[in-house]
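What follows is a short report on a single structure.
Here the structure is a predicted model, which is why all the values come from computation and not from measurement. Proteins come first, then strands; the chains are lettered A, B, ... in the order of their sequence lines, and each starts at number 1.
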Number of protein chains: 4
Amino acid sequence: MQSVDLNCDMGESFGTWTMGNDEALMNYISSANIACGFHAGDSTIMRKTALLALQKGVAIGAHPGFPDLQGFGRRNMALSPIEVYDICIYQIGAMINVVKALGTTLHHVKPHGALYNMAAKDARLANAIAQATKDSDTGLIFYGLSGSLLISEAEKIGLQTASEVFADRTYQNDGSLTPRTLANAMIENTEEAVNQVVRMIKDKTVISTDGNIVPIKADTVCIHGDSAHALEFAKALSNKLKAEGLSVKTA
Amino acid sequence: MQSVDLNCDMGESFGTWTMGNDEALMNYISSANIACGFHAGDSTIMRKTALLALQKGVAIGAHPGFPDLQGFGRRNMALSPIEVYDICIYQIGAMINVVKALGTTLHHVKPHGALYNMAAKDARLANAIAQATKDSDTGLIFYGLSGSLLISEAEKIGLQTASEVFADRTYQNDGSLTPRTLANAMIENTEEAVNQVVRMIKDKTVISTDGNIVPIKADTVCIHGDSAHALEFAKALSNKLKAEGLSVKTA
Amino acid sequence: MQSVDLNCDMGESFGTWTMGNDEALMNYISSANIACGFHAGDSTIMRKTALLALQKGVAIGAHPGFPDLQGFGRRNMALSPIEVYDICIYQIGAMINVVKALGTTLHHVKPHGALYNMAAKDARLANAIAQATKDSDTGLIFYGLSGSLLISEAEKIGLQTASEVFADRTYQNDGSLTPRTLANAMIENTEEAVNQVVRMIKDKTVISTDGNIVPIKADTVCIHGDSAHALEFAKALSNKLKAEGLSVKTA
Amino acid sequence: MQSVDLNCDMGESFGTWTMGNDEALMNYISSANIACGFHAGDSTIMRKTALLALQKGVAIGAHPGFPDLQGFGRRNMALSPIEVYDICIYQIGAMINVVKALGTTLHHVKPHGALYNMAAKDARLANAIAQATKDSDTGLIFYGLSGSLLISEAEKIGLQTASEVFADRTYQNDGSLTPRTLANAMIENTEEAVNQVVRMIKDKTVISTDGNIVPIKADTVCIHGDSAHALEFAKALSNKLKAEGLSVKTA
């Protein structure tokens with residue numbers, strides 16, 4: 001039976017503020033990327049979210065980001081590669097210990113927001129995050145944008161990687177994401193998004209905005225947890241995957 | 001040859017601000033308690049300070065504190081025991097990973113400032129810090145105020161402890177520290193302070209402010225690193241210890 | 001026509017996280033206490049919330065708190081009176097400027113959470129907040145717990161005050177709030193809460209948990225905005241006040 | 001008697017960490033740009049620094065920066081113009097109130113570090129800071145890089161400006177600063193730096209790195225306060241200015 005890894009950002013509440021519907025979404029995913037306190041999450045929420053994932057049998061990943069709570073780690077910040085390395089060692093270490101205290105182990109690392117986007121196009125930043133991941137635990141799987149420098153830099157230093165694709169984003173002829181500045185960057189229709197996922201997994205292709213069939217490496221599919229209809233989408237995707245004979249299993 | 005562990009708070013700079021003279025002091029101590037980013041320190045300073053300790057052969061400890069940069073972790077904060085547990089798991093985990101990335105291991109944990117002082121008198125807080133230490137690594141040594149709940153609670157759950165005494169503080173008949181609110185709380189004279197340390201190690205006693213000889217458990221001696229004459233004191237103590245045939249060695 | 005001032009904490013979202021239903025609640029209140037960035041709120045949310053209040057004709061107040069985002073300013077912190085003075089000057093000043101940029105003026109100051117509760121029982125803290133309010137603008141009205149040191153200390157230095165009572169809290173024979181640690185501290189029943197407000201305004205009394213009629217000074221009534229049924233309560237109270245011939249008007 | 005305004009960044013300590021030698025430097029400058037708590041400074045340090053300036057007869061300015069304590073506001077951050085406007089309204093407002101509580105008024109605004117540098121080249125950011133300054137108080141003088149968008153955007157909206165030049169930086173033929181990436185960006189020699197200042201004030205020219213005499217608008221000269229020899233430089237400059245018959249006076 002062919003399988004697909006569904007990953008979702010989790011634990012992005014902070015203090016008394018809540019975000020997303022982690023408890024419900026955990027039922028539909030195989031990998032949880034848990035915020036580590038810099039862009040969202042705090043030490044208490046990390047523990048509660050990791051425990052929830054453990055109870056649901058969902059693989060736990062660290063989701064390090066820029067030190068920017070107010071901007072939710074989505075604003076570019078000009079950190080040097082060594083600074084990026086340091087904040088990743090710190091955040092991944094905190095997450096490893098939260099998970100250890102619960103009697104389990106960390107499964108993967110996926111950078112967040114602006115850190116993810118900047119490093120996808122900057123080899124030095126990508127290397128910094130990958131090296132911090134490797135120095136934390138050589139067995140960790142590195143989640144990054146399919147076809148980007150995140151994946152190639154991580155592979156260069158011998159990390160196992162999971163190439164990430166998006167259910168609700170459109171793709172270009174070269175396999176890259178359509179920039180959000182363009183009108184057709186997002187797939188708003190649930191059925192289209194679900195079908196794109198099935199094609200990506202079964203055929204290892206995606207249909208570009210130009211209508212071409214483009215090869216794509218899809219080890220893990222990102223589900224957005226902070227949108228209003230995240231849960232509905234997760235359910236629809238889950239039903240479709242079952243109907244297609246695809247199981248949901250971590251990378 | 002009898003030995004004494006000299007510990008010092010280290011890595012308490014932050015960003016572009018510096019504090020203390022870590023590089024010079026590292027030559028005279030055996031255990032460094034490195035700040036973990038909540039009351040002082042940041043991920044870059046943690047790495048640099050841990051590397052320095054490693055190069056000098058100084059045992060590395062985590063020094064978790066309250067999340068209060070402006071107050072340097074010295075202002076009491078009403079965190080619940082589980083919140084204290086969570087912030088300790090987080091900070092100790094970050095430090096463990098910094099140290100792991102440098103190819104070495106964490107040796108001990110010593111809570112900082114208001115967290116240390118509050119927990120010394122509050123069994124639930126002491127238990128929370130000790131449990132977080134144990135859940136991080138059962139082999140970690142727990143540094144806490146000699147004769148306080150920090151030590152007894154840590155021993156209750158099976159942690160190895162190091163009872164901490166102070167070179168520059170006076171003691172009461174019951175072996176407790178003279179409160180800082182009293183005029184005679186501090187030993188300003190270097191020779192007196194040095195002699196107190198030698199007595200504590202050799203005779204396992206201290207002379208109280210009333211002039212009584214009081215038994216005291218002294219596994220580790222705290223050297224303050226942020227005072228103006230910290231380095232001079234460290235040198236004087238080092239010379240005296242050598243003259244007394246005592247070696248400086250970690251607990 | 002007799003009037004009552006209904007005040008509500010507002011602008012307690014932070015960054016991408018939202019809290020409460022400010023837009024809807026603004027229709028039912030006369031005074032908005034807007035968070036100033038230390039326990040909640042940020043510079044952008046302050047502007048948006050103040051603009052909303054301005055559009056709805058609601059008086060704008062500053063709602064300064066402890067520097068503790070994660071704890072939402074609800075955890076006691078041991079700040080000295082001068083530190084409290086300084087954080088209030090800072091936060092009130094920021095709020096005054098937000099309001100000035102919108103072309104209006106600040107109406108009142110009400111401290112938040114742990115700062116409010118600690119100062120209600122500590123004359124030096126109460127004086128620090130009141131003095132910071134006066135030094136910011138002698139015309140500001142100082143909102144504080146009815147019968148507490150907040151009110152008496154503010155009056156001592158010549159500030160106009162508004163004695164605050166709570167719709168959903170029960171009272172003791174001496175006019176003080178029933179401590180939350182007691183089972184009967186809260187009024188869960190909407191009708192009871194609404195009736196208590198009407199009595200406080202019309203008769204200037206409250207019925208204590210012992211059943212006694214106790215005099216109380218009620219210049220302003222606090223509506224909690226972060227509870228699930230805040231909006232329902234606000235509507236019920238509004239209807240009842242109209243039926244009783246009471247208008248809602250700022251202090 | 002011709003005069004020159006010497007400005008210096010001040011109050012850039014934080015909590016228990018100190019930076020610079022504000023007290024000594026205040027004797028040699030006419031304008032203090034005081035950090036507002038986002039990149040450095042805190043509410044207590046703001047008050048103490050403003051009081052010091054007041055006692056020394058130095059004009060007080062607000063020195064707003066990015067919310068990045070660890071990076072000291074020197075790391076570029078991708079904030080939108082409205083976010084920049086909001087953080088400036090907030091920080092300037094806090095500073096205005098600190099100064100009001102001391103019985104005096106704010107004199108100028110100068111943005112800090114990465115905010116200053118980014119806005120010098122970005123009209124929308126420059127406008128955001130200038131507009132926040134104007135909305136805070138139309139009488140504030142706006143300090144910005146001579147010849148940059150900071151000055152032109154501020155003038156466009158009617159603010160009085162002070163064109164800033166640097167004693168220790170070299171200039172290009174077009175009057176712009178030599179980028180720090182080039183070897184000859186800095187003037188290390190005190191005499192050369194002092195002479196450059198005198199020429200800028202007296203002749204309104206600067207000698208470019210190519211040896212050309214270039215016209216420059218120099219309303220205020222920036223003295224760096226965080227360098228090791230800041231005080232020596234300030235003294236040397238002060239002596240030279242006196243010898244040249246130039247008085248030090250705020251813009």
Side-chain angles (χ1 to χ4, degrees), chain C residues 11 14-16 34-38 41-51 60 62 64-67 69 79-106 109 128-140 157, chain D residues 11 14-16 34-38 41-51 60 62 64-67 69 79-106 109 128-140 157:
Chain C
F14 181 76
T16 53
I34 301 181
C36 301
F38 274 43
D42 58 48
S43 51
T44 297
I45 287 167
M46 286 163 73
R47 173 177 48 82
K48 290 181 178 172
T49 310
L51 180 60
I60 300 170
F66 280 131
L69 273 182
L79 268 67
S80 67
I82 184 68
E83 286 177 319
V84 164
Y85 173 85
D86 287 333
I87 66 170
C88 288
I89 285 286
Y90 186 96
Q91 294 179 73
I92 296 169
M95 196 69 228
I96 285 176
N97 210 33
V98 167
V99 162
K100 179 180 192 302
L102 294 173
T104 184
T105 53
L106 195 68
V109 170
I129 308 171
Q131 190 66 48
T133 300
K134 187 181 175 187
D135 290 351
S136 300
D137 181 347
T138 54
L140 289 167
I157 62 169
Chain D
F14 181 74
T16 55
I34 301 180
C36 302
F38 274 42
D42 59 46
S43 52
T44 297
I45 287 166
M46 286 164 73
R47 173 177 48 80
K48 289 180 178 172
T49 310
L51 180 59
I60 299 171
F66 281 131
L69 272 183
L79 268 67
S80 68
I82 184 69
E83 286 177 319
V84 163
Y85 173 85
D86 288 333
I87 65 169
C88 288
I89 285 285
Y90 186 96
Q91 293 179 73
I92 297 169
M95 195 70 228
I96 285 175
N97 212 31
V98 166
V99 161
K100 179 180 192 301
L102 293 173
T104 184
T105 53
L106 196 67
V109 170
I129 309 171
Q131 191 64 49
T133 300
K134 187 180 176 187
D135 290 351
S136 300
D137 181 347
T138 54
L140 289 167
I157 63 170

CD of Q91(C) to CG of N97(D), rounded to nearest 0.5 Å, is 11.5 Å

When the 4.5 angstrom heavy-atom criterion is applied to I96(D) and chain C, the contacting part is side chain

Notebook entry, point to check: Which region of M46(D), side chain (C-beta onward) or backbone (N, CA, C, O), has a non-hydrogen atom less than 4.5 Å from a non-hydrogen atom of chain C, or is it both or neither?
Noted result: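 Only the side chain of M46(D) comes within 4.5 Å of chain C.
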
Original post:
Which heavy atom in S43(C) sits nearest to a heavy atom in D86(D), and how many Å separate them?
Top reply: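 That would be CB-O, 3.3 Å.
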
Heavy-atom nearest pair, R47(D) first then I82(C), reads NH2-CG1, 3.1 Å

### Task
Not counting sequence neighbours, which residues clear ring pair (Phe, Tyr, Trp, His ring centres under 6.0 Å) with F14(D)? List them please.
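Counting only residues at least two positions away or on another chain, F14(D) forms a ring pair (Phe, Tyr, Trp, His ring centres under 6.0 Å) with W17(B).
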
| query | When you measure from the side chain of Y90(D) to the backbone N and O of D42(C), does any donor-acceptor pair fall under 3.5 Å? | reply |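 Flag not set: sc Y90(D) to bb D42(C) has no pair under 3.5 Å.
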
Honestly, the part of I92(C) sitting under 4.5 Å from a heavy atom of chain D is both

Would the number of heavy atoms belonging to other residues, nucleotides or ligands and lying under 6.0 Å from NZ of K100(C) be above 12? yes

